[in-house]
There are 2 protein chains.
Amino acid sequence: MSGSTETNLVFSALADKSRRQIVELLHTKDSSIVELTQSFDMSFQAISKHVRILENAAILKKRKQGKFMICSLNHQALTDSLKWISYYSNFWNESFNKLEGLIKKQKND
Amino acid sequence: MSGSTETNLVFSALADKSRRQIVELLHTKDSSIVELTQSFDMSFQAISKHVRILENAAILKKRKQGKFMICSLNHQALTDSLKWISYYSNFWNESFNKLEGLIKKQKND
DNA sequence: ACATCATTAAACTATATGGTTGAATAATTA
DNA sequence: TAATTATTCAACCATATAGTTTAATGATGT
C-alpha cells in the first residue's frame with residue numbers, strides 16, 4: 001500500500017528541490033540538459049545526474065536530437081504519487097464537505 | 001515556485017517508505033509510537049525518529065496521554081504537495097479531456 | 001518506594017546523496 | 001581535419017540519512 005518500487009522512485013525523485021525545479025522548467029518547455037543548467041548555480045554534470053534520477057523515475061523522457069538530449073515530462077509518472085497524497089490528505093472528503101457547506105449556506109439565504 | 005521550506009519538508013518526509021507507511025497506519029487510527037512500532041521490523045527508537053521527522057513536516061501531531069504520545073495525522077500539511085503534483089501531473093487537463101471525450105461519445109449515441 | 005513501560009536523547013556506524021573535477025565519446029561547426 | 005559543444009562516465013569528497021545501542025527521563029501500577 002505504501003507503494004511499488006516505481007512510486008517509491010517518484011517520491012524520492014521529488015524530494016529534491018532542484019529536481020522539482022527541473023520538472024517546473026520542463027513543464028513550460030522541453031529542454032536539453034545544457035539549457036536546464038543555465039537556470040542553476042551548479043555544474044552541468046550535477047544537473048545531468050538529476051536528470052538521470054528523474055528519468056529512472058520515469059518522470060521525464062530523453063530523446064536524441066543531434067548532439068542534444070531533449071528532455072520532456074511524462075506527466076503520467078506522477079499520477080500514482082498524486083493518488084497516494086490525494087487519499088491521505090483527505091482531499092476529496094474536505095472538498096466535498098466544503099461544497100456541502102456552500103450548498104447549505106445557499107439554501108438558508 | 002518549487003516550494004517553501006515547509007513544502008520541502010513534506011516532500012522529504014514522504015520520500016521514505018517507512019514514513020509513508022506510518023501515514024497510512026495513522027490514517028486508519030491514531031496510535032502511540034509503540035503501537036506504530038509493532039507494524040515494523042525496526043527498533044522503537046528508529047520509529048520514534050521517523051515520527052519526529054513527520055512531526056517537523058507538520059504531517060502529524062503528537063498529544064500526550066499519560067505516558068503515551070498519541071500521534072494523529074494533520075491532513076492539511078499534505079495539501080501544498082498535493083497541489084504541486086496535481087499541477088505538474090497535468091491531472092486536471094487530463095481529467096477534463098477524458099470528461100469531454102465521454103460527453104462527445106454520449107452525444108453521438 | 002520500586003519496577004515497568006513509553007518516550008527522548010546521545011553516540012555511533014554504514015550507506016546514500018548531492019556535489020565536484022577530469023577524461024572519454026559523439027555530433028557540429030569552422 | 002581540427003576545434004568545439006553536449007553528453008556520459010568514473011573517481012572522489014563531504015554531508016545527510018537511516019539505522020543501531022545505551023543511557024536518561026517521566027508517568028503507571030504494584
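Reminder, nothing fancy here: chain letters follow the sequence lines and each chain counts from 1. The model shown is predicted, which means the values in this text are computed figures rather than measured ones.
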For D:dT7, take OP1 and OP2 only and decide whether either is under 4.0 Å from a side-chain N or O of A:Arg52.
-> no

For C:dT8, take OP1 and OP2 only and decide whether either is under 4.0 Å from a side-chain N or O of B:Ser48.
-> yes

Hey, quick one: are B:Val23 and A:Leu82 part of the same hydrophobic cluster, counting side-chain heavy atoms closer than 4.5 Å, chains of contacts allowed?
-> yes

What is the distance, to the nearest angstrom, from the [atom1] atom on [X] to the [atom2] atom on [N]?
X: B:Glu35; N: C:dT7; atom1: CD; atom2: P; answer: 9 Å
X: B:Lys17; N: C:dA16; atom1: NZ; atom2: P; answer: 16 Å
X: B:Lys67; N: C:dC5; atom1: NZ; atom2: P; answer: 7 Å
X: A:Phe44; N: D:dA6; atom1: CZ; atom2: C1'; answer: 5 Å
X: A:Glu55; N: D:dT8; atom1: CD; atom2: P; answer: 8 Å
X: B:Ile70; N: D:dA27; atom1: CD1; atom2: P; answer: 15 Å
X: A:Ile47; N: C:dG19; atom1: CD1; atom2: P; answer: 8 Å
X: A:Gln38; N: D:dT5; atom1: CD; atom2: P; answer: 13 Å

Do the two ring centres, one from B:Phe91 and one from A:His75, sit under 6.0 Å apart?
-> no

Ring-ring centroid check B:Tyr87 B:Trp92, cutoff 6.0 Å = no

Identify the heavy atoms of [X] and [Y] that sit nearest to each other, and give their distance.
X: A:Met42; Y: A:Ser18; result: CE-OG, 3.6 Å
X: B:Leu26; Y: B:Ser31; result: CD2-N, 3.7 Å
X: B:Thr28; Y: B:Leu25; result: OG1-O, 2.9 Å
X: B:Leu78; Y: A:Ile85; result: O-CG2, 3.8 Å

Under 4.0 Å from any atom of DNA chain D, heavy atoms only: list the residues of residues 59-66 of chain A that qualify, in numerical order.
-> A:Lys62

Any protein N or O atoms within reach of nucleotides 15-19 of chain D? Criterion: under 3.5 Å, listing atom names and distances.
{"residue": "D:dA18", "atom": "OP1", "partner": "B:Asp16", "partner atom": "OD2", "Å": "3.4"}
{"residue": "D:dA18", "atom": "OP1", "partner": "B:Arg19", "partner atom": "NH2", "Å": "3.2"}
{"residue": "D:dA18", "atom": "OP2", "partner": "B:Arg19", "partner atom": "NH1", "Å": "3.2"}
{"residue": "D:dG19", "atom": "OP2", "partner": "B:His50", "partner atom": "NE2", "Å": "2.2"}
{"residue": "D:dG19", "atom": "N7", "partner": "B:Lys49", "partner atom": "NZ", "Å": "3.2"}
{"residue": "D:dG19", "atom": "O6", "partner": "B:Lys49", "partner atom": "NZ", "Å": "2.3"}

Hey, is the side chain of A:Gln45 pairing donor to acceptor with the base of C:dG18 inside 3.5 Å?
-> no

Please test A:Glu24 against B:Trp84 for side chain to side chain contact (heavy atoms under 4.5 Å, CB included), starting from the C-alpha separation and ending with a verdict.
-> CA-CA 10 Å; A:Glu24 293 167 14; B:Trp84 193 94; 2.9 Å; yes

I'd like a table of donor-acceptor pairs (distance under 3.5 Å, sequence neighbours excluded) in which one partner is a side-chain atom from residues 48-73 of chain B, with atom names and distances.
{"residue": "B:His50", "atom": "ND1", "partner": "B:Arg19", "partner atom": "NH1", "Å": "3.1"}
{"residue": "B:Glu55", "atom": "OE1", "partner": "B:Lys62", "partner atom": "NZ", "Å": "3.3"}

